[in-house]
Asks: 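Before anything else, here's the structure in question.
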Amino acid sequence: MSEQVLPLRVTRSSSPDAVSDVFTPEASPTESQPSAKNFTGGFERHESDIFIAVMGVTGSGKSTLISKCSHLEVPIGHNLQSCTQEVGVYQCHIPGSLANVYLIDTPGFDDTDRSDTEVLREIATWLTDSYVHDIRLDGIVYLHRIDNPRMQGSGRRNLLMFRKLCGDDALKKVVLTTTRWDNVSEQEGSQREQELVTRQEYWGHFVENGSEVFRHHNTQTSAMSLIKRFVASKTSRSGVTLAIQEQMVNHHQALDQTDAGREVQSALLRQQKKFEKILADAHDDMQAALKERDELAQELLREQQEDMNKRIEQINFDREKLKADMEMLQTEKIAEVERKLDKERKANAKLGKLRDKEMQELKKKFRKSQGGGKAKEEELRPPAGWRSSKEFSLSMNSDRYYFLGPNYYTAKLKLGKPDGEFRTKTLPQPPHHLPLSRLAPLQPRPFRLPHDRLARPPRLLLHAHRQSLQVQPAQEHPQGA
Ligand SMILES: Nc1nc2c(ncn2[C@@H]2O[C@H](COP(=O)(O)OP(=O)(O)O)[C@@H](O)[C@H]2O)c(=O)[nH]1
Ligand SMILES: [Mg+2]
């Protein structure tokens with residue numbers, strides 16, 4: 001076993017009223033000690049902790065479900081591309097329960113962006129590493145879109161991979177959950193659900209082995225009632241061991257020897273055979289094209305051969321990657337995270353230098369403009385291209401406020417308290433530090449305020465260097481928000 005431990009991204013939940021409610025501790029792989037705390041965002045492990053993996057096809061609603069339970073920003077895909085590339089752990093509180101629930105977001109198989117080998121490696125790395133640190137899953141939610149008329153392609157592939165990852169013993173902890181009921185009629189949905197449950201090759205086998213079926217209606221209540229099932233059935237012995245954990249951790253098998261790994265391996269071999277056949281045919285066709293001096297055909301066949309060779313090369317690469325055992329998976333993951341952190345550190349350092357330079361220039365400008373010591377307000381005006389001082393304002397829309405202020409100002413919000421006093425609150429800074437001239441298309445940044453505690457409209461104070469400017473909030477919704 002490696003002495004290092006994976007720096008996993010864990011997102012903690014907090015009150016929905018919090019101004020800035022997401023934080024992702026960045027444990028350095030070299031600093032952190034091997035401990036189950038790495039899987040719980042630094043929290044102490046408790047017997048009552050509940051770990052639930054959320055799996056299913058890309059777009060089935062895994063991240064949406066998790067964000068409904070945790071009130072956290074979970075990257076959600078709004079086009080065909082997937083968002084969840086890595087396993088992410090999200091902590092949530094269940095009202096009326098003292099248990100900490102950790103929901104584990106996972107990438108789906110048969111994805112447009114990643115090969116099944118990569119996805120399996122990612123999931124296997126998390127499952128084996130957590131298992132080694134004594135974390136057992138208390139449940140697995142498998143999501144399926146009920147508006148999918150047929151179980152084909154990605155749906156079948158994911159279900160098969162899911163079954164191989166779990167093994168039959170773990171199926172009693174699975175809740176097969178359908179999403180997107182808003183896209184089908186009750187009758188249509190019920191028919192499909194019935195078909196899923198009765199057909200052996202779909203969910204029949206799962207249900208026979210103790211899996212439950214649940215309809216998720218894309219509301220928070222529905223999401224909570226799904227999670228509460230696991231809370232209710234939690235006992236000190238309710239955690240399960242998945243087949244892949246048993247095979248890789250307890251039996252020291254390499255990924256390509258596990259059931260899930262074998263499945264990916266045989267799919268790769270099927271593809272390889274197909275490509276080799278195309279290559280052989282292209283070779284014969286090329287002989288004929290050469291004989292007939294057909295240059296266009298030769299050109300097209302060459303392109304096809306190149307394409308097939310590349311694909312076969314990729315398959316060989318993927319097959320090699322499947323040969324990893326648990327230690328190799330972890331070592332390579334740590335190296336990957338270190339590379340990413342290093343890249344981020346370099347980018348931040350570059351950004352910092354750029355910002356310092358701009359700050360120096362701004363300071364110089366201010367000093368010059370202050371002449372006899374009296375500040376000129378022009379310097380604080382928005383740069384050219386900004387329409388009016390409204391952009392320096394808060395805009396109110398129910399309990400959401402949009403801060404459109406420029407990055408170089410420390411924005412402090414004055415909240416009127418019922419006793420007539422003000423209390424100031426520092427607003428979260430926009431994430432990027434850009435020069436003022438490039439700020440015009442700044443994204444509105446929504447945040448929440450304790451509405452009931454506001455006696456009068458808030459005022460925004462912008463401090464820039466030694467000058468400050470007070471702006472009253474605009475009452476309307478900002479453009480584009
Ligand atoms: N209409 C509808 N859309 C949904 C539902 N659940 C998720 N979505 C949308 O489906 C898309 C993909 O969801 P996401 O949670 O990223 O799926 P993931 O890839 O499984 O994590 C997003 O645009 C969601 O807003 C649902 O029950 N009904
Ligand atoms: Mg996702």
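Every number for a ligand or one of its atoms is a count from 1 in the order of the listing.
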Asks: Out of I146, L143, T64, whose heavy atom is nearest to atom 24 (C) of ligand 1?
Replies: T64
Asks: State the atoms of ligand 1, each with its element, that fall below the 4.0 Å cut-off from a heavy-atom position in T58.
Replies: 19 (O)
Asks: When only distance counts, is R180 in polar contact with ligand 1, meaning an N/O pair under 3.5 Å?
Replies: yes
Asks: Return the set of residues passing side-chain hydrogen bond (donor to acceptor under 3.5 Å, both in side chains) with K164 (not counting sequence neighbours), or none when no residue passes.
Replies: none
Asks: Side chains of N100 and Q91: any donor to acceptor distance under 3.5 Å?
Replies: yes
Asks: On the 0 to 90° scale, with breaks at 30° and 60°, tag the W181-H217 ring pair as parallel, tilted or perpendicular.
Replies: tilted
Asks: Does D182 approach ligand 1 within less than 4.0 angstrom via side chain, backbone, both or neither, non-hydrogen atoms only?
Replies: side chain
Asks: Considering only heavy atoms of V57, which atoms of ligand 1 have at least one such atom less than 4.0 Å away?
Replies: 20 (O)
Asks: Is ligand 1 under 4.0 Å from a heavy atom in the side chain of L65, in the backbone, in both, or in neither?
Replies: neither
Asks: Closer than 4.0 Å to some heavy atom of K62 - which atoms of ligand 1 meet that?
Replies: 15 (O), 17 (O), 18 (P), 19 (O), 20 (O), 21 (O)
Asks: Please determine if R136 forms a cation-pi arrangement with Y131, meaning its NZ or CZ atom is less than 6.0 Å from the six-membered ring centre and no more than 45° off the ring axis.
Replies: yes
Asks: Looking at ligand 1, does G56 have a heavy atom less than 4.0 Å from it?
Replies: no
Asks: Short list, please: which atoms of ligand 1 are under 4.0 Å from a heavy atom of G61?
Replies: 7 (C), 13 (O), 14 (P), 15 (O), 17 (O), 18 (P), 20 (O)
Asks: Backbone N or O of V264 within a donor-acceptor pair of the D116 side chain at under 3.5 Å?
Replies: no
Asks: So, applying side-chain contact (heavy atoms from CB on, under 4.5 Å) with Y142, which one of V54, L176, V175, L171 is it?
Replies: L176
Asks: Please list, chain by chain and in numerical order, all residues satisfying side-chain hydrogen bond (donor to acceptor under 3.5 Å, both in side chains) with E276, sequence neighbours excluded.
Replies: Q272
Asks: Within less than 2.8 Å of the Mg ion (ligand 2), any N, O or S from S63?
Replies: yes
Asks: Do T177 and H216 have a side chain donor and acceptor closer than 3.5 Å?
Replies: no
Asks: Going by distance only, is there an N or O of S63 that falls short of 3.5 Å from an N or O of ligand 1?
Replies: yes
